[in-house]
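Presented below is the structure to which this report refers.
Note that the coordinates shown come from a computational prediction; the quantities given were computed from them, not determined experimentally.
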Amino acid sequence: MKKMTKYLAAAAAALVSVSSLAQEGKPWIHDPSTIMECDGKYYTFGTGGGGLISEDGWNWYPGAVRPGGGAAPDALKIGDKYLVAYSSTGGGLGGGHAGRILTMWNKTLDPSSPDFAFTEPIEVASSQVDEDCDAIDAGLFMDPATGRLWVTYGTYFGFIRVVELDPLTGARVEGNEPVDIAIDCEATTIIYRNGWYYLLGTHGTCCDGVNSTYNIVVGRSRSVTGPYLDNMGRDMVAGGGKMVADGDDRQFGAGHFGRYIVDDGVEKMSFHWEADLDRSARSVLAIRPLIWENDWPVSGDLFRNGVYEISSVRRGYALELAVDFERQQIARRGWRMDPDEPIVSYPNQTLEDVVGKWPSGNVDARIGDWMNRPHQRWSITAVPEAGGYLGGQYYKICIEGTDRVLTAVEGAELSVNEGFTGAPEQLWRIEQLTDGTFRIMPKAVPGSNCQYVLTSVADSTPTLAKWNFASDNCKWNFRQLSF
């Protein structure tokens, strides 16, 4: 009975625990730039100067330095230097639409480095008081297909425009004239994928806390200068745009999209919430998986604590503890029965029914057809003290109601061990991929410096192997059974 009490208490703790759905630390920011990595740390800049730094991509703190103040910066790494663009005025300040887009360079984003020094800013675009465009909200884009550099800018006060810059100097290409590409949005940026140029813009109302209706929309084009059409064929210069991200359960006002490619098939989107009810309703940094559905970008969701079936995309079989199958003692009735016989509802097999027959110590993992048996139900819980990675935190993966925890072992193999120690080999990052499936990766594998992921090498054999987005063996699905 004491053993079962321990199992039930562990299950209750797993169900009560709620994983954080926002960046940790002090992630206060408005209008964040695209996230940049520099010397092992992550950086993002915001309106008003300054920004955030993170050592792991999950815990963020003030400390980034950007001179010039102004609004809505963006950042881009070109070669071994960083280009930063920002607007010095705009947004209707002073009763007009006069604004300036400026660019400047730095060798590093680390303010403690002896090489840290921004160049003098260069004006690359501007708008007049009575112009039908407001030069604010810069978005930098380096075209991977041509090597040409562009910047988008503008707000609701007229058109969104794009103009070409020189990637060597950051200055505007001489004689290049801006092109109108959208209206009825702001905080735009362009990204490229599979021959398409995507224009991401922020639609809705800004700067009204929990009442901000900010949401991120998109159109696409075969040309960087448009036209950008949404999924219904509506031109963004006429107000079109397909939804990418809007509000969540406790967060409101998604705005200022940025894209970060982590790995082949692993992408993140950064933005801010205008208000996070769990963070004093302040404006905070947000990072979500970036999913691609029919060549359209969609915001994914952060992984949540719960009890799950974990199934391999390879064949659909479920990850399980390698123990003997225990028959459930319910007689087969078939389909013939007395029509007046009462209907009986039988319970599923429980942990108490089988746990006494499981071997003690470490047990192998395997893959089998799903039967909703106790050895197939995995309780997945965040471990806040373990830190995190870009846009996510580490999890422990246990058989529900027990302390039997999925563990990476030497030789890039897999085991289910008794007792959670918090060691790196028992911590797992769970990342949604661009196709909507997931990869499951241990923080470390004993005796190896390589990164491995949970992999199905055969119908019944899970192991650890190097990541290959092209292979379904490396991909997994989760079906939530309970919270």
Side-chain angles (χ1 to χ4, degrees), residues 30-34 45-49 51 66-76 83-105 118-142 148-167 169-191 197 199-207 214 216-217 219 224-226 228 236-237 239 241 255-258 272:
H30 198 71
D31 307 336
S33 69
T34 300
F45 301 104
T47 285
R66 176 185 65 83
D74 199 18
L76 179 67
L83 181 65
V84 174
Y86 67 101
S87 48
S88 63
T89 56
L93 297 177
H97 302 158
R100 302 166 67 222
I101 301 295
L102 304 167
T103 63
M104 54 187 179
W105 296 89
F118 278 102
T119 60
E120 287 297 314
I122 302 171
E123 182 180 307
V124 298
S126 64
S127 57
Q128 303 303 313
V129 172
D130 57 353
E131 194 168 340
D132 58 356
C133 175
D134 200 336
I136 193 173
D137 289 8
L140 293 167
F141 169 63
M142 176 69 84
R148 296 167 70 181
L149 177 65
W150 303 81
V151 63
T152 59
Y153 61 93
T155 72
Y156 275 98
F157 304 110
F159 289 101
I160 301 299
R161 290 177 175 165
V162 62
V163 69
E164 188 173 1
L165 306 183
D166 185 334
T169 66
R172 180 168 166 174
V173 171
E174 186 174 352
N176 185 257
E177 293 297 325
V179 178
D180 296 336
I181 55 174
I183 202 168
D184 199 25
C185 63
E186 56 193 23
T188 53
T189 193
I190 296 172
I191 63 175
Y197 297 90
L199 178 64
L200 284 296
T202 305
H203 179 75
T205 60
C206 165
C207 311
Y214 248 14
I216 299 171
V217 297
V224 72
T225 55
Y228 287 92
M236 289 187 73
V237 84
H256 285 256
F257 173 95
H272 75 235

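T47 meets the side chain to side chain donor-acceptor pair (under 3.5 Å) test with D31; sequence neighbours excluded. With sequence neighbours left out, the salt bridge (charged side-chain N to carboxylate O under 4.0 Å, His left out) criterion links D180 to R161. Scored by the side chain to side chain donor-acceptor pair (under 3.5 Å) test, D137 finds no partners at all (sequence neighbours excluded). Under the side chain to side chain donor-acceptor pair (under 3.5 Å) criterion, T169 pairs with no residue at all, not counting sequence neighbours. The side chain to side chain donor-acceptor pair (under 3.5 Å) search around T189 returns none, not counting sequence neighbours.
The heavy-atom pair separating A135 from Y153 by the smallest distance is CA-CD1, 3.7 Å. Nearest heavy-atom pair across T152 and L199 is CG2-CD1, 4.4 Å. Heavy-atom minimum distance, C206 versus E186: CB-OE2, 3.9 Å. Across all their heavy atoms, W105 and P167 have their closest contact at CH2-O, 3.4 Å. Minimum interatomic distance between A187 and T202 (heavy atoms only, all atoms of both residues): CB-OG1, 3.5 Å. Shown here for G219 and Y228, the closest heavy-atom pair between the two residues is O-CD2, 3.7 Å.
For the side chain to side chain contact (heavy atoms under 4.5 Å, CB included) criterion with L165, the lone passing option out of M142, R172, R148 is R172.
For the atom pair CD of E131 and CZ of F157, the computed distance is 14.0 Å after rounding to the nearest 0.5 Å. In this structure, T34 OG1 and F257 CZ are separated by 8.0 Å, a value rounded to the nearest 0.5 Å. The distance from atom SG of C133 to atom CD1 of I183, rounded to the nearest 0.5 Å, is 10.0 Å. A distance of 14.0 Å separates CD1 of I122 from CD1 of I101, quoted to the nearest 0.5 Å. Put simply, OH on Y156 and CD1 on I136 are 13.5 Å apart, with the number rounded to the nearest 0.5 Å. Rounded to the nearest 0.5 angstrom, I160 CD1 and D134 CG are separated by 9.5 Å.
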Exercise for the section: Evaluate the side-chain contact (heavy atoms from CB on, under 4.5 Å) criterion for residues L149 and D166: first the C-alpha distance (whole Å), next the side-chain angles of each, then the deciding distance (0.1 Å), finally the verdict. Expected result: CA-CA 6 Å; L149 177 65; D166 185 334; over 6 Å; no
Practice task
Show the numbers, then the answer: is there a side-chain contact (heavy atoms from CB on, under 4.5 Å) between S33 and R66?
Solution key: CA-CA 11 Å; S33 69; R66 176 185 65 83; over 6 Å; no
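Relative ring orientation between F141 and Y197 is described as perpendicular, the plane-to-plane angle rising above 60° on a 0-90° scale split at 30° and 60°. Under the 30°/60° scheme for interplanar angles, the aromatic rings of H256 and H30 are found to be tilted.
With S87 contributing its side chain and A71 its backbone, the two residues share a donor-acceptor pair below 3.5 Å. A donor-acceptor pair under 3.5 Å links the side-chain atoms of H203 to the main chain of D184, judged by distance alone. When atom types are taken as modelled, the side chain of T103 and the backbone of G170 share a donor-acceptor pair closer than 3.5 angstrom. Remark: side-chain polar atoms of S127 are paired, donor with acceptor, to backbone N or O of G99 under 3.5 angstrom.
The salt bridge (Lys or Arg N to Asp or Glu O under 4.0 Å) contacts involving residues 118-129 comprise R100-E123, where partners must be two or more places apart or lie in separate chains.
Using a 4.5 Å cut-off on side-chain heavy atoms (C-beta onward), I191 and L200 make contact.
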